[in-house]
Peer 1: 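Sharing a structure, written as structure tokens. Questions coming.
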There are 2 protein chains.
Amino acid sequence: METQTPAPEARLLVVEDEPNIRELLATSLRFAGFEVETAGDGATALALAEEGEPDLVVLDVMLPDVDGFEVTRRLRDRGRQQPIVFVTARDATGDKIAGLTVGGDDYVTKPFSLEEVIARIRAVLRRTRGGADEGSTLRFHDLELNEDSHEVRRGGRVIDLSPTEFKLLRYLLLNPNRVLSKLQILDHVWDYDFRGESGIVESYISYLRRKIDADGPSLIHTKRGVGYVLRVPPELTTV
Amino acid sequence: METQTPAPEARLLVVEDEPNIRELLATSLRFAGFEVETAGDGATALALAEEGEPDLVVLDVMLPDVDGFEVTRRLRDRGRQQPIVFVTARDATGDKIAGLTVGGDDYVTKPFSLEEVIARIRAVLRRTRGGADEGSTLRFHDLELNEDSHEVRRGGRVIDLSPTEFKLLRYLLLNPNRVLSKLQILDHVWDYDFRGESGIVESYISYLRRKIDADGPSLIHTKRGVGYVLRVPPELTTV
DNA sequence: AAGTTTGCTGGGAGATTCCTGAGAACGTGA
DNA sequence: TCACGTTCTCAGGAATCTCCCAGCAAACTT
């Protein structure tokens, strides 16, 4: 549902000891178009990385046996240069995190939102693979969102969004012309431990509309009883 | 009677502890062209999923032994990647049903309508199987209904429908050129606990006609004493 | 032709869903 | 410390939807 690409986008290795989080990541990453293997500890991770040659590793820094840094060091010692997206606790100290991002690597903090993880992984792959870096801008009609610069424009005019507004709009832009239920939006845009009601989605849709549907024709439409959909008004489709 | 495809569309496992609901689901899903196995508790469900390898699991989250989430986790632990359509109570609080839609999975709330369940199952299968994603549009004459965008058009012109109108039209579109009785429509389109009279069907047929048969030639025809049928007027069939 | 049955549709009450402003709680940086 | 932006909740009101009813129209029966 995240993506329309049918061919596997990349091969990932997910290393995470909490089964629930591991399966959450594996399931949604598979659905996003990735090929996914999983490991619950550092030793298994190293073995799988050795034989599987994944394109990228999603690595929790807190593991039961060896920690993520040690896994990284051993990987590098063996000449493996795969980029890594680290998963850390939110309260991890700043300098530790800073040390993580030296290469093309990146990190996300627990609890994360699925959209955030997927976006980071794609960004890292984009950077390390080099090539045409045109995957960084999402467009729909006269709306564009750049994932690198975090810049959003409607018809050329720059629009300032809060972090949550940005993530919500990115999710909508990844699923144009598809109705997304409020629960679906909650599951993808908000952190996995969010326990609030779906009324929060209504609020943020309202904020977004105020900012991006202010002048031009509305792109965000309500499907009462179903959800929201990003769509170009019919009278404009033939223009 | 739901579908014209003669070969089994997919193999389903229905897990539901209330016998009435279980049989209602099993019977109508079989009639819709699916091959169906049933289980009344989580343990049986896991055993059947193990040996039967169903393409999709319809899973009530309230079970006598282990709950649906636990069943899901154990399924995933064993490497089973079947998509799941969850069945939940309508008043389930947000935290209970969180995370249900992440892997392409979906959910329906009790009491549901059969059309809703079947539509969700087909949508999930469509998405997870990937392939040509053109199965999301139902067409008849110059009428089309898209299940992803929830958009309905007659001759290109967009038509706005309420949720019930949408479900009714979808049911008609799934059974073109077949007379559907009011009782049949009631049983498929309305929730299974609806206790109203079939006069409500007349009302909604009237609403639908006003919206989709407004300009073009009528597609919805009354078979007095029998029911309604979606049909192209004879003088147009050769055009 | 009259009577009977069946279907159509306008009106409206009540329920549901959605929108949005107001404000509390929180963290961040000046 | 204070100001500010952000997240999230809540509640009133608006918009829409569901459902029922009743009167009328159409079709069928005798």
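First the proteins, then the strands, lettered A, B, ... as listed; each starts at 1.
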Peer 1: Of all residues at least two apart in sequence or in a different chain, which pass the side-chain contact (heavy atoms from CB on, under 4.5 Å) check with T128(A)?
Peer 2: P83(A), V124(A)

Peer 1: With a 4.0 Å cut-off, would you call R139(A) and E144(A) a salt bridge?
Peer 2: yes

Peer 1: What salt bridge (charged side-chain N to carboxylate O under 4.0 Å, His left out) pairs are there with at least one residue in residues 204-213 of chain A, not counting sequence neighbours?
Peer 2: R154(A)-D213(A), E165(A)-K211(A)

Peer 1: Which nucleotide span of DNA chain D, 5' end to 3' end, has atoms closer than 4.0 Å to non-hydrogen atoms of chain A?
Peer 2: dT6(D) to dC17(D)

Peer 1: Check salt bridge (Lys or Arg N to Asp or Glu O under 4.0 Å) between R120(B) and all other residues, then give those that pass, not counting sequence neighbours.
Peer 2: D106(B), E116(B)

Peer 1: Please name all residues satisfying side-chain hydrogen bond (donor to acceptor under 3.5 Å, both in side chains) with R224(B), sequence neighbours left out, ordered by chain then number.
Peer 2: none

Peer 1: Who pairs with P163(B) by side-chain contact (heavy atoms from CB on, under 4.5 Å), at least two apart in sequence or on another chain?
Peer 2: none

Peer 1: May I have the distance from F194(B) (atom CZ) to dA15(C) (atom C1'), rounded to whole angstrom?
Peer 2: 14 Å

Peer 1: Using a cut-off of 4.0 Å between protein heavy atoms and nucleotide atoms, how would you tag nucleotides 24-30 of chain C 5' to 3' with B, S and -?
Peer 2: -------

Peer 1: With the criterion being N/O to N/O and under 3.5 Å, what pairs connect the protein with nucleotides 3-9 of chain C, and how long is each?
Peer 2:
| from | atom 1 | to | atom 2 | distance (Å) |
| --- | --- | --- | --- | --- |
| dT5(C) | O2 | R224(B) | NH2 | 2.9 |
| dT6(C) | O4' | R224(B) | NH2 | 3.0 |
| dT6(C) | O2 | R224(B) | NH2 | 3.3 |
| dG7(C) | OP1 | G225(B) | N | 3.0 |
| dG7(C) | OP2 | K182(B) | NZ | 2.6 |
| dC8(C) | OP1 | R209(B) | NH1 | 2.6 |
| dC8(C) | OP1 | T222(B) | OG1 | 2.5 |
| dC8(C) | OP2 | Y228(B) | OH | 2.6 |
| dT9(C) | OP2 | S206(B) | OG | 3.2 |

Peer 1: Please set out all donor-acceptor pairs under 3.5 angstrom arising from side-chain atoms of residues 191-198 of chain B, sequence neighbours excluded.
Peer 2:
none

Peer 1: Holding to side-chain hydrogen bond (donor to acceptor under 3.5 Å, both in side chains), I want the full list of residues that pass it with T109(B), two or more places apart in sequence or in another chain.
Peer 2: R90(B)

Peer 1: Kindly write out the residues that satisfy side-chain contact (heavy atoms from CB on, under 4.5 Å) with V201(B), not counting sequence neighbours, or none if the list is empty.
Peer 2: K182(B), I185(B), L186(B), W190(B), I205(B), Y228(B)

Peer 1: For residues 148-170 of chain A, which residue pairs pass the ring-ring contact (aromatic ring centres under 6.0 Å, His included) check, not counting sequence neighbours?
Peer 2: H150(A)-F166(A)

